[in-house]
Amino acid sequence: MKRKTQTKTKKEKNIVFLDGEYVYKENAKVSIFDHGLLYGDGVFEGMRSYNNLCFRLEEHLDRLWESAHTLMLEIPYTKKQLQDIVIKTLQKNKLKDAYIRLVVTRGSGDLGLDPRKCKKPTIFVITDKIVLYPDTLYKEGIEIITVPTVRNHPEAVNPSIKSLNYLNNILAKIEATTAGYLDAIMLNHQGYVSECTGANIFIVKDGQLLTPPSHMGALKGITRQAILDNARDAGLPNEERALTRHDLFNADECFLTGTAAELMPVVKIDNRIIGLGKPGKITSKLTTAFKKLTKVEGVKYSL
Ligand code: PMP
């Protein structure tokens, strides 16, 4: 009897990967001198697996490598090795469906900024669940606002870098939540729409699917790309184009995309009703197509 209880407790414990080892999350400790913690110096990816398929894992790793390259942060694994680590973490936790967080920090250094003092990056993988928005909003659509904090200038911290420094987005999130909304749309330094705090944004206007290009301050979202691929496959006219708030207000449909958010219809922006004030037909079609894609694309694993 006693043995059974012990096995169960062990099974329920979450195992993470940290610097070459698989350990229980309670035992996963990083140094307070880690520059990821001291300065937000590092990169990360948020991924998902659906029914034993890690969605577009290779694309996530490509983006991680690009982020790290710009920061001159050398990842001490090959992409294939890191892919195997992600899969093994999922397997150890017996997770068919999961949200996966892969983090590479500059590592432990001294109290100065100089990254050369950090001799070895810290790498960890967490597999868990994530809920960004209440379930009902996926049917009803979300109401969001634009906020005063502008998206990082591309020559400051380029928004294409998925870095550990999320203060830009966090400030915008605070502005949204203190105003009573769940999320914010950020404009760039020129006043054009960039993205949300943790998701990309799309509109549909006169049968055309539009999203801001990455140089407007949008992360090259993996979900965003999947939606564009689906639109192309379905023959739905689409374009990456600079968008203003006026374009958003007068869109027929609007939705957000992200690994954690998936597809979230937007029905009101800055108190303006979008389209019919409910999730649009093209949004629903793209949601169905995205769900299909998550069943077939990615790295398969067994448990
Ligand atoms: N923009 C930002 C700022 C994000 O943090 C995310 C989530 N990673 C996205 C967009 C969506 O990207 P993806 O579809 O790759 O998750």
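When a ligand or atom number is given, it counts from 1 through the structure's own listing order. Just so it is clear, the structure is predicted and the values come from calculations on it, not from any experiment. Count residues from 1 along the sequence.
Considering backbone and side-chain atoms alike, I222 places an N or O below 3.5 Å from some N or O of ligand 1. Distances between N or O atoms of N169 and those of ligand 1 include no value under 3.5 Å.
Residue E45 places every heavy atom at 4.0 Å or more from ligand 1. Judged by the shortest distance from any of its heavy atoms, Q225 lies outside the 4.0 Å radius around the atoms of ligand 1.
Every atom of ligand 1 with a heavy atom of T197 under 4.0 Å away is listed here by number and element: 3 (C). Here is the list of ligand 1 atoms found below 4.0 Å of a heavy atom in T259: 13 (P), 14 (O), 15 (O), 16 (O). Within ligand 1, the atoms closer than 4.0 Å to a non-hydrogen atom of L219 are 1 (N), 2 (C), 4 (C), 6 (C), 8 (N), 9 (C), 10 (C), 12 (O), numbered from 1 in the order shown. Taking every non-hydrogen atom of Y166 and a distance limit under 4.0 Å, the qualifying atoms of ligand 1 come out as 2 (C), 3 (C), 4 (C), 5 (O). Near G221, meaning under 4.0 Å from any of its heavy atoms, are these atoms of ligand 1: 12 (O), 13 (P), 14 (O), 15 (O).
At a heavy-atom distance under 4.0 Å, only backbone atoms of A199 (N, CA, C or O) approach ligand 1.
Taking the side chain as every heavy atom from C-beta outward, E45 and L61 never approach each other to under 4.5 Å. With contacts defined as side-chain heavy-atom distances shorter than 4.5 Å, the pair L132/Y99 does not qualify.
Checking S194 against N188 by side-chain atom types alone, no donor-acceptor pair falls below 3.5 Å. Side chains of T244 and D247: a donor on one and an acceptor on the other come within 3.5 Å.
Look at R224 and E240 and you find a salt bridge, because one of the NZ, NE, NH1 or NH2 atoms lies within 4.0 Å of a carboxylate O, short of that distance.
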